[in-house]
Amino acid sequence: MTTGNDTPTLRVSGEDAELAARMDRELTAFNNAATGADDEAGLSVRVTDADGELVAGLTGWTWGGRAGINTVWVRAERRHEGWGGRLLRAAEEEARRRGCTEISVSSFSFQAPAFYRRHGYTDTGIRDGIPGGHVDHHFWKSLVTDPADTVRLVALVELPDAETGQRYEDAVLALLDRHGGRLERRLRTDDGRTEVHVIRFAGRAGQQSFMGDPERLALRATLGDAAPVTRVLTVQDV
């Protein structure tokens with residue numbers, strides 16, 4: 001039987017280091033159990049001058065074959081000396097050493113989105129509503145393929161039969177990973193008869209192998225006249 005003394009208490013406060021540490025432990029345990037990956041680790045790069053003062057730094061993480069950057073900072077008077085690029089290269093090299101195949105980062109529009117693009121990072125989306133009319137850019141980069149080889153596509157898919165077509169697209173899009181492809185966005189009209197897919201491949205060969213995948217071709221053949229009609233555009237960030 002529950003008594004009044006057993007009623008949980010909700011309290012709102014400022015920074016709570018004890019709560020943050022407990023939440024990290026609990027969520028890490030949950031994530032590890034769900035994925036089987038238990039190699040979460042921090043990643044830091046530090047640059048100091050002759051006096052031991054901090055010149056630049058990077059913090060991030062690695063887990064499950066993926067890496068992420070949380071913060072990058074260079075002291076104002078030492079900017080434009082190439083330290084940002086050196087930080088990225090050092091972090092990427094360490095991530096590869098740990099077996100990571102990709103890395104991600106976010107940057108406000110008033111920070112350094114152009115910097116990440118110059119270093120081979122691809123936009124994967126934005127979040128608006130940042131104070132001052134700014135947006136938050138999200139980036140991704142492969143650590144095993146040349147960013148210059150990346151192919152980004154927009155597919156406009158017309159579904160003659162909405163229910164059948166959607167099931168087909170569910171199955172086909174699930175095949176992307178085996179060809180080095182990634183579905184970045186999937187959008188659908190209210191009537192369910194048109195979809196827009198934003199897809200990225202690590203290289204042209206991946207796109208070609210996906211198109212020729214025997215399982216994809218077999219699935220399509222079973223649909224006959226109900227097969228989707230697709231227009232594909234190759235696009236790039238501007």
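No hydrogens, no waters, no symmetry mates; every other heavy atom, side chains included, goes into these values. Note that the structure is a prediction, hence the values are computed from the model and not measured.
For residues 57-69, the pairs satisfying salt bridge (charged side-chain N to carboxylate O under 4.0 Å, His left out) are R66-E102, with sequence neighbours left out. Sorted by first and then second residue, the salt bridge (charged side-chain N to carboxylate O under 4.0 Å, His left out) pairs with a member in residues 82-92 read E92-K141; sequence neighbours excluded. For residues 79-112, the ring-ring contact (aromatic ring centres under 6.0 Å, His included) pairs, not counting sequence neighbours, are F108-F110, F110-H134. Within the structure, every pair that satisfies the salt bridge (charged side-chain N to carboxylate O under 4.0 Å, His left out) test and touches residues 34-62, not counting sequence neighbours, is listed here: D49-R75. Pairs of residues two or more places apart, or lying in two chains, that qualify as side chain to side chain donor-acceptor pair (under 3.5 Å) and include a residue from residues 214-229 are R178-E215.
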Discussion item. If you apply the rule salt bridge (Lys or Arg N to Asp or Glu O under 4.0 Å), what do you find for R167 with E163, and how did you get there?
Written reply: CA-CA 6 Å; R167 288 200 301 269; E163 184 176 351; 3.2 Å; yes
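By the side-chain contact (heavy atoms from CB on, under 4.5 Å) test, S44 pairs with T59, sequence neighbours left out. In this structure, R231 has no side-chain hydrogen bond (donor to acceptor under 3.5 Å, both in side chains) partners at least two apart in sequence or on a different chain. Legend: residues meeting side-chain contact (heavy atoms from CB on, under 4.5 Å) with R117, ordered by chain and number and at least two apart, are P113, D123, H137, F139. With sequence neighbours left out, the side-chain contact (heavy atoms from CB on, under 4.5 Å) criterion links A91 to L43, V45, L58. Residues satisfying the ring-ring contact (aromatic ring centres under 6.0 Å, His included) criterion with H119, sequence neighbours excluded, are F115. E18 meets the side-chain contact (heavy atoms from CB on, under 4.5 Å) test with D16; sequence neighbours excluded.
When hydrophobic residues (I, L, V, M, F, W, Y) are linked wherever their side-chain heavy atoms come within less than 4.5 Å, the members clustered with M23 are L19.
Under the 4.5 Å side-chain criterion, counting only non-hydrogen atoms from C-beta, V198 is not in contact with V235.
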